[in-house]
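In what follows, a single structure is set out as structure tokens and then discussed.
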Protein chains: 2
Amino acid sequence: MERSPSQLALTSARRPTIIDVARRAEVSKSVVSRVFSERGKVSAQTRQRVLDAAAELGYVVNAMARAMVAHRTYTLGVFVRDVATPFYGHLLSAMQERADTLGYRVVTATGSGRFAVEDELRALETLVMMRVEGLVIGSGLLPAAQILPFAERVPTVVAGRPETEENFTSVYCDEREGGAALADHLADLGHRYVAVITLRKSESLTLAPRTAAMVQELRRRGVEAVRVIGRGVDAADRWVDQILERPEVTAVMAPSDRYAVRLLEELQRRGVDVPARLSVTGYDGIGELATPLIGLTHWRQPIDAIGRSAVDALVALLDSGPPGRPKRHVLSGTLVLGRSTAPPCR
Amino acid sequence: MERSPSQLALTSARRPTIIDVARRAEVSKSVVSRVFSERGKVSAQTRQRVLDAAAELGYVVNAMARAMVAHRTYTLGVFVRDVATPFYGHLLSAMQERADTLGYRVVTATGSGRFAVEDELRALETLVMMRVEGLVIGSGLLPAAQILPFAERVPTVVAGRPETEENFTSVYCDEREGGAALADHLADLGHRYVAVITLRKSESLTLAPRTAAMVQELRRRGVEAVRVIGRGVDAADRWVDQILERPEVTAVMAPSDRYAVRLLEELQRRGVDVPARLSVTGYDGIGELATPLIGLTHWRQPIDAIGRSAVDALVALLDSGPPGRPKRHVLSGTLVLGRSTAPPCR
DNA sequence: TTGTAGGCGTTATCAG
DNA sequence: CTGATAACGCCTACAA
């Protein structure tokens, strides 16, 4: 059959197969297979002939064909909400590295930018189509109910968010510990009125419980917690409006470093002195925002450990088989003190 | 043949195939194939029966098997040096999105953390094994000579670095334009002695020409350029030592925002006032460091455009076939003025 | 040690 | 519109 030029292009002028190599090395295709899959015995001589022939032809094993018969892909599927976010970027990086040392490949899928659960589901579907052996889900958006159908089919680990659902394995940093630690820090400094930028659970499955923990601990310490509605990271001016309405407030807790920095920008713009007039806390401690240049007091999540543990947990799941019951791996973070918090002025 | 329990686990209790669905829907496997590949005609009735059967079984198309016969994977391979870096994170994000709208999947590979060309090559090899249809290479480390063998086999685009090699298609932001713009800015402000934190080409294929351009433009403008050896992003104290040795220096140009921020940290630590005593410029404008909170004067790279164009160029290459000759797509950036630069004090 | 044959899950081709 | 059947590239008994 004649191929159209475009088809030719697509297949890169017919990539050489095991058979081409076999012909050139004057052996059977089994021998070539044995050489590249590194099992079975092959004499050093033949082996070299095969290797030479393969090199001349530019032969590269076809992972797809191999996977088909081996019933294994040695591939882990990682879904993250947004690679450009430092949190997910680092998470992915840590997983890549860990998977690599365990002999697994990682393929990534993301939810195509827009804020749509539907897109995220399609991305997961793609991962399953590619026959990844396991799934790591890192998304503060996807509800547990949506994840369940996938978890039933392929071993799944949820990473980086406080998973309340008992049905799947998860790895995350305790949000209450972090929220409470920061709240305690402010209480210890003597703040009595603290604003907390709050998010709804529908907006973020990580940020909501985190801020809830802050509020709870503040109240436990007898500090008045003033809720400020978050509504996305770009509404800083509205937060500040609300905060400045209550002059008794001497500190603000942001749900993440990103939020905190937006807040700091706006406060700077309006000439509000930090920390003299207002103390500010962040959360995450990942990536460039953790620079001492900004000096933000925050809770640092052990992102590398989360990534590593997630992969380890997934591989354990793979090895243990279906019955391996869901387990929650809860990691600890660290309080990092910066220059953005101080005792209240008055 | 009996399967061992562990094998069973790995294959998730035998994922259903097209044949299982066919049996359940009481049709031939061809019909099922037609339904899921959406080609050929199938009566609405049968179609529904197939869909139902598939849903009950939890059937998902096997992309591998499909790719084998179709000779297409609709998959683009993207190699980035480090996903955790904002530059590459955003680049990847932009590519993912663009590829998605063009109907391509993206699989990512990275160089496993360590500083080793060998690792990067292995990652590229993996991509080829997976039969990606095209390659995008984003790495300031991998020399052109190493890339060539891959580019000969599969359509390749080099993204995000100034490619001097004529042999492959590339997309990048003109480093000379940016370096010159920043140098001009300082010259215009009246600086006569400017330190430039310089890197070797072996350290980074992007940063080296960038700093070279800065030096060149400074000299063209009659400004004395004082070279400071970079040696990695963590040697800030040594840069500052060198800079302060020359009190006539009133401005410092860093090869990237990251370097600039490290520099600012160290200057802050030593109590050197910016910009009163020393002006500082960065480069990139990507991610969180671009915050007005820091207010760094820098050159902003159009990272989204780079990602988008890289994918577009690659897909064009795919469609045009082998003869499509290498083309260089050079994009423009923007000068962003911050508070880190000012006229020299004296 | 090497070769032969069959099958993995899907699509494409060609009859019915 | 539907059903056989032959690939696709590789691995794996089994036979030589």
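Numbers restart at 1 for each chain; the letters A, B, ... are given by sequence-line order, proteins then strands.
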[N] phosphate, OP1 or OP2: any side-chain N/O from [X] under 4.0 angstrom?
| X | N | value |
| --- | --- | --- |
| A:R39 | D:dT12 | yes |
| B:S33 | C:dT11 | yes |
| B:S43 | D:dT2 | yes |
| A:T46 | C:dT1 | no |

Subject >> Most 5' of B:S28 and B:R131 on DNA chain D, judged by nearest nucleotide >> reply: B:S28

**OP:** Would you indicate what A:V32 reaches in the nucleic acid, counting non-hydrogen atoms under 4.0 angstrom: base, sugar-phosphate, or nothing?
**Re:** nothing

Original post:
Side chains of A:D82 and A:T85: donor-acceptor distance under 3.5 Å anywhere?
Top reply: yes

Do [X] and [Y] have side chains that get closer than 4.5 Å, going by heavy atoms?
| X | Y | value |
| --- | --- | --- |
| B:P155 | B:L314 | yes |
| B:E118 | B:L121 | no |
| B:Q146 | B:V117 | yes |

I'd like to know if [X] and [Y] make a salt bridge, using a cut-off of under 4.0 Å between side-chain N and carboxylate O.
| X | Y | value |
| --- | --- | --- |
| B:R122 | A:D100 | yes |
| A:R23 | A:D20 | yes |
| A:R49 | A:E26 | no |

Could you go over nucleotides 6-8 of chain C and give all protein N or O partners under 3.5 Å, atom names and distances?
{"unit_1": "C:dG6", "atom_1": "O6", "unit_2": "A:K29", "atom_2": "NZ", "d": "3.4"}

Please state how far atom [atom1] in [X] lies from atom [atom2] in [N], giving the value in whole angstrom units.
| X | N | atom1 | atom2 | answer |
| --- | --- | --- | --- | --- |
| B:R66 | C:dT10 | CZ | C1' | 8 Å |
| B:K41 | C:dA12 | NZ | C1' | 17 Å |
| A:E38 | D:dC11 | CD | P | 11 Å |
| A:N62 | C:dG9 | CG | P | 16 Å |
| B:E26 | D:dT2 | CD | P | 14 Å |
| A:R34 | D:dC10 | CZ | C1' | 13 Å |
| B:R15 | C:dT10 | CZ | P | 10 Å |
| A:D20 | D:dC8 | CG | C1' | 13 Å |

Original post:
Which nucleotide in the set C:dT4, C:dG3, D:dC11 lies at the smallest distance from any side-chain heavy atom of A:S30?
Top reply: C:dT4

**OP:** Among the candidates C:dT1, C:dT11, D:dT2, find the nucleotide nearest to the side-chain atoms of B:V31.
**Re:** D:dT2

